[in-house]
A.B. asks: 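Can you read through this structure? Questions will come right after.
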2 protein chains.
Amino acid sequence: MEKETTIYDIARRLKLSPATVSRALNDHPAINSNTKSTIAATAKEMGYRSNTFASNLRRQRTNTIGVIVPRLDSHFMSTVLAGMEKVANAASYNLIISQSLESVRKEIANAKTMFNSRVDGLLVSVAYDTEMSEHFDAFVNKGIPLLFFDRVLAHKRSTCIVIDNAKAGYEATAHLIQQGCRRVMHVTGNLKRNVYADRLKGYKLALLDFGLAYEDELVMVTDLSHEAGLKAASHIQTMKNPPDGLFVTNDFCAVSCMSALKKAGLSIPADIAVVGFNDDPVSSVVEPTLTTVHYPGEKMGEVAAQSLINHLNGAMDIQTTNTIILHSELIVRDSSKKAV
Amino acid sequence: MEKETTIYDIARRLKLSPATVSRALNDHPAINSNTKSTIAATAKEMGYRSNTFASNLRRQRTNTIGVIVPRLDSHFMSTVLAGMEKVANAASYNLIISQSLESVRKEIANAKTMFNSRVDGLLVSVAYDTEMSEHFDAFVNKGIPLLFFDRVLAHKRSTCIVIDNAKAGYEATAHLIQQGCRRVMHVTGNLKRNVYADRLKGYKLALLDFGLAYEDELVMVTDLSHEAGLKAASHIQTMKNPPDGLFVTNDFCAVSCMSALKKAGLSIPADIAVVGFNDDPVSSVVEPTLTTVHYPGEKMGEVAAQSLINHLNGAMDIQTTNTIILHSELIVRDSSKKAV
DNA sequence: GTGAAAGCGCTAACAA
DNA sequence: TTGTTAGCGCTTTCAC
C-alpha cells in the first residue's frame with residue numbers, strides 16, 4: 001500500500017497552510033472560492049482522501065450510528081434497516097449493524113463493540129430473551145443517545161419507537177369477533193417483549209368489550225416459528241371445544257398454521273378465521289390471502305434514524321420525546337372474511 | 001458528555017507510563033502479568049474504553065469491511081448480510097452497510113464514502129444499471145481488496161462469489177421441458193447483469209439440447225417487479241401461441257405472474273408450468289407451491305466475508321482465487337409437476 | 001519489564 | 001481570507 005496523500009502534501013504543493021486546505025475541503029465559507037477549486041483539483045489529482053479517523057479523533061465524533069437487531073433476515077427487519085440506511089446516508093452517517101440472533105449474550109457483546117466503536121448513538125431492538133438492560137447503561141452514563149424500536153425495554157427511560165401494539169391486537173381480535181367468531185385463539189411470543197404483551201392486552205380487552213370470556217386455554221405462548229405454527233394447528237385439532245377464530249402475532253407462523261389446518265380438512269375462514277401480524281409479503285400470496293396488521297417497517301427505520309440524528313444535531317431532544325407511536329393498520333383479506 | 005478516560009489517566013493513577021498501559025491492555029507478552037491485571041482492573045474501574053480512532057489512526061487499519069448492495073429489503077440479501085455479519089463479528093470486524101437502491105449514482109456515492117471511511121476491504125453486489133466500474137478503481141489502485149458477490153462485474157479482475165447461474169438456468173428450463181413443456185417462456189432482468197445473462201444462456205442451451213427452437217418472443221426482459229409479473233401474465237394471454245412453461249428468474253415476480261394467470265382461468269401446472277428463482281419463503285407458501293432454484297444466501301455471505309478476512313489476514317490470496325462458485329439447487333414443487 | 005518521545009492526519013482557537 | 005499551533009489518544013521504536 002503506497003503512501004497516502006494528506007492535506008500537508010496538498011498544502012506543500014500549493015504553498016498554503018494545512019488549515020486552509022482542511023477548510024477548503026470542508027467547504028468552509030471563509031475560504032476564497034478560487035482557492036477552494038484549486039485545492040479541490042489538486043486533491044483529486046493527488047488522489048487525496050480524507051482520513052476519517054484523524055478527523056473523528058480530533059472532533060470527538062464518529063458520525064456512526066450503531067444498530068442492534070435480533071435478526072437481519074426477516075422481511076420486517078430488512079425494511080426497517082432500509083429505512084434507517086436511507087436517512088443515515090442522506091445525513092452522511094454510517095451504520096454499523098449487528099444481530100443478536102435472539103440471544104442476550106450476543107446482544108451484550110454487540111453493545112460492547114458498539115460502545116468501543118464510539119457510535120454517536122445506538123438503535124436497538126432487543127432479543128427474544130433479554131431481561132435486563134445493564135449492557136446499555138454504559139451508553140446512558142456517557143450520554144450517548146439510545147433509542148429502542150419495535151421490541152423495546154419497558155423500564156428504560158430512553159426513547160422508544162413503536163406501533164400501538166395493544167390497539168393493533170384489539171383491532172385484530174375485534175375484527176374476528178365482528179366476523180362472527182365466538183372463540184378466538186391467540187398464538188403469541190415471549191410475553192416479556194412489549195410487542196407480544198401489548199397485543200395480548202388488546203386481545204383481552206377486545207374479548208371483554210364484546211362480552212366474550214377470556215380463557216387461558218385459548219392463549220398459546222410460542223417462539224412464533226414455523227414449527228410453532230404446526231404445533232398450534234395440531235393442538236387446535238385436539239381441542240374438545242376448538243376455536244373458530246385465530247389471531248397469530250406473526251404472519252409466517254400464521255401461514256404455516258393455516259396450511260396445516262387446511263391439510264387437516266378445515267376450511268378457512270369458514271371453519272376458522274385467521275389474522276396474522278406484520279404484513280409480510282407472504283400474507284398477500286397465500287391462499288386464502290391472510291388478513292394481517294400492516295407494520296410500517298421502513299417508516300419505523302426512517303423515524304428512528306431521523307430522531308436520533310436530529311438529537312445528535314441538537315435539532316431535537318430525544319429524551320423529552322420519550323415515545324413515538326407509528327400508525328399501524330389492519331389489512332382485511334380473505335382469511336378472515338366470514339360474514340358477507 | 002463527561003471526559004473520557006484515556007491510557008494517560010490510567011498511567012498517572014498507577015504511576016506507570018502510557019506505553020506500559022497500552023501494552024498491557026493489548027496483552028503484550030513483555031509485560032509482567034501482575035502489572036497487566038492491575039492495569040486491567042483499574043481500566044475497568046475507571047470506565048476506560050479504547051479509542052478505536054486513535055488506534056486506527058496510528059495503526060493505519062480500520063478493521064472495518066464495507067458492503068454495498070442493491071437493496072437491503074429482499075429476503076435473499078438479508079440472508080447474505082446475516083451470513084456476512086456472523087463471520088465478520090466472529091473475526092471482530094465491523095460491517096458498514098449501504099444500499100445503492102439499484103442506482104449507479106448512489107452506488108458511486110457509497111463507494112466514495114466507503115473509500116473515505118478507509119474500509120479494509122469491500123464487498124459489492126452491483127446495482128441494476130451499473131455499467132462501468134471506475135468507481136471501484138480507487139480501491140484496486142490502493143490495493144484494497146474488492147470482492148463481488150451475486151451480481152458481479154464481468155470485466156473486473158477482482159474475485160467473485162457466484163452460483164453457476166447458467167447451470168441453474170439450464171436445469172430450470174430442462175426440468176420444464178422434461179415435464180412435457182414444448183414452449184418455455186423466460187422472464188428475466190437486465191441482461192447486463194451476469195446473473196440474468198447467464199441464466200438466459202442456460203435457458204438457451206437447454207432448449208438446444210432438447211431440440212426446441214429459441215424464439216425471441218419467448219424472452220421478456222423486465223425489472224422483475226410485481227408489476228412485471230402482471231405484465232408478463234397479460235402478455236401471455238394475448239399470445240396466439242402461448243407458452244406451456246414459464247421460467248421467471250425471481251420468485252416474487254413469478255408468484256405475481258402466477259396468480260394473475262390463475263385469476264385469468266389458467267391452471268398451474270396443467271396449462272402452464274412455472275419455475276421461479278431464489279427459493280424465497282413465498283415459494284413454499286403459494287399455491288401451488290413454486291418450483292424454484294435454491295440460492296444459498298447465508299452461505300454466500302459467509303464465504304464472501306470469510307474470503308475477504310482471510311485475505312486481509314494474509315491467510316489466503318484473494319487475487320489468485322478469482323472465482324468461487326457456490327452450489328445452487330433446483331427445488332421441485334407443485335407449480336411444475338406436470339407429468340406423473 | 002518499563003519508559004520517553006515522536007507522530008499518525010486532522011481541526012479549531014487564536015492570531016494576523 | 002489565510003496561517004500558527006496545539007493537541008485528539010494511541011502505538012511503537014529505541015533506549016535503559
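No experiment lies behind these values; they were computed from the predicted model shown. Naming: A, B, ... by sequence-line order, numbering from 1 per chain. Hydrogens, waters and symmetry mates are skipped; everything else that's a heavy atom, side chains included, is used.
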A.B. asks: Does Ser17(A) make a side-chain N or O approach to OP1 or OP2 of dG3(D) shorter than 4.0 Å?
C.D. replies: yes
A.B. asks: Do any side-chain nitrogens or oxygens of Gln60(A) fall under 4.0 Å of OP1 or OP2 in dG7(D)?
C.D. replies: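 Answer is no, no contact under 4.0 Å.
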A.B. asks: Heavy-atom distance under 4.5 Å between the side chains of Asp150(A) and Val195(A), does that happen here?
C.D. replies: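 Heavy-atom side-chain distance check passes, below 4.5 Å.
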A.B. asks: For the pair made of CZ in Arg12(A) and C1' in dC10(C), what is the distance, rounded to whole Å?
C.D. replies: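 Result: 15 Å.
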A.B. asks: So, is Tyr48(B) close to the dC10(D) phosphate, meaning a side-chain N or O under 4.0 Å from OP1 or OP2?
C.D. replies: yes
A.B. asks: Identify each donor-acceptor pair in which a side-chain atom of residues 18-28 of chain A lies under 3.5 Å from a protein atom, sequence neighbours left out, and give them as a table.
C.D. replies:
unit_1, atom_1, unit_2, atom_2, d
Thr20(A), OG1, Ser17(A), OG, 3.1
Asn26(A), ND2, Ser22(A), O, 3.0
Asp27(A), OD1, Lys36(A), NZ, 3.1

A.B. asks: If the plane angle is over 60° it's perpendicular, under 30° parallel, otherwise tilted; pick one for Phe76(A) and Tyr295(A).
C.D. replies: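 The arrangement is tilted - the two ring planes meet at 30° to 60°.
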A.B. asks: Tell me, with the steps shown, if Asn310(A) and Leu312(A) meet side-chain contact (heavy atoms from CB on, under 4.5 Å).
C.D. replies: CA-CA 5 Å; Asn310(A) 286 346; Leu312(A) 290 171; over 6 Å; no
A.B. asks: Test of understanding: with side chain to side chain donor-acceptor pair (under 3.5 Å), list the residues that count as partners of Thr52(B), not counting sequence neighbours.
C.D. replies: none
A.B. asks: Is the charged tip of Arg49(B) near the ring of Phe115(A): under 6.0 Å from the six-membered ring centre and within 45° of its axis?
C.D. replies: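 Judged by the rule (NZ or CZ under 6.0 Å from the ring centre, within 45° of its axis), Arg49(B) counts as positioned above Phe115(A).
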A.B. asks: Across the strands shown, which category fits Tyr8(B) at heavy-atom distances under 4.0 angstrom: base, sugar-phosphate, nothing?
C.D. replies: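 Counting heavy atoms under 4.0 Å across all strands, the contact made by Tyr8(B) includes a base.
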A.B. asks: Specify the residues of residues 18-38 of chain B, ordered by number, for which at least one heavy atom lies under 4.0 angstrom from an atom of DNA chain C.
C.D. replies: Ala19(B), Thr20(B), Arg23(B), Ala30(B), Ile31(B), Asn32(B), Thr35(B)
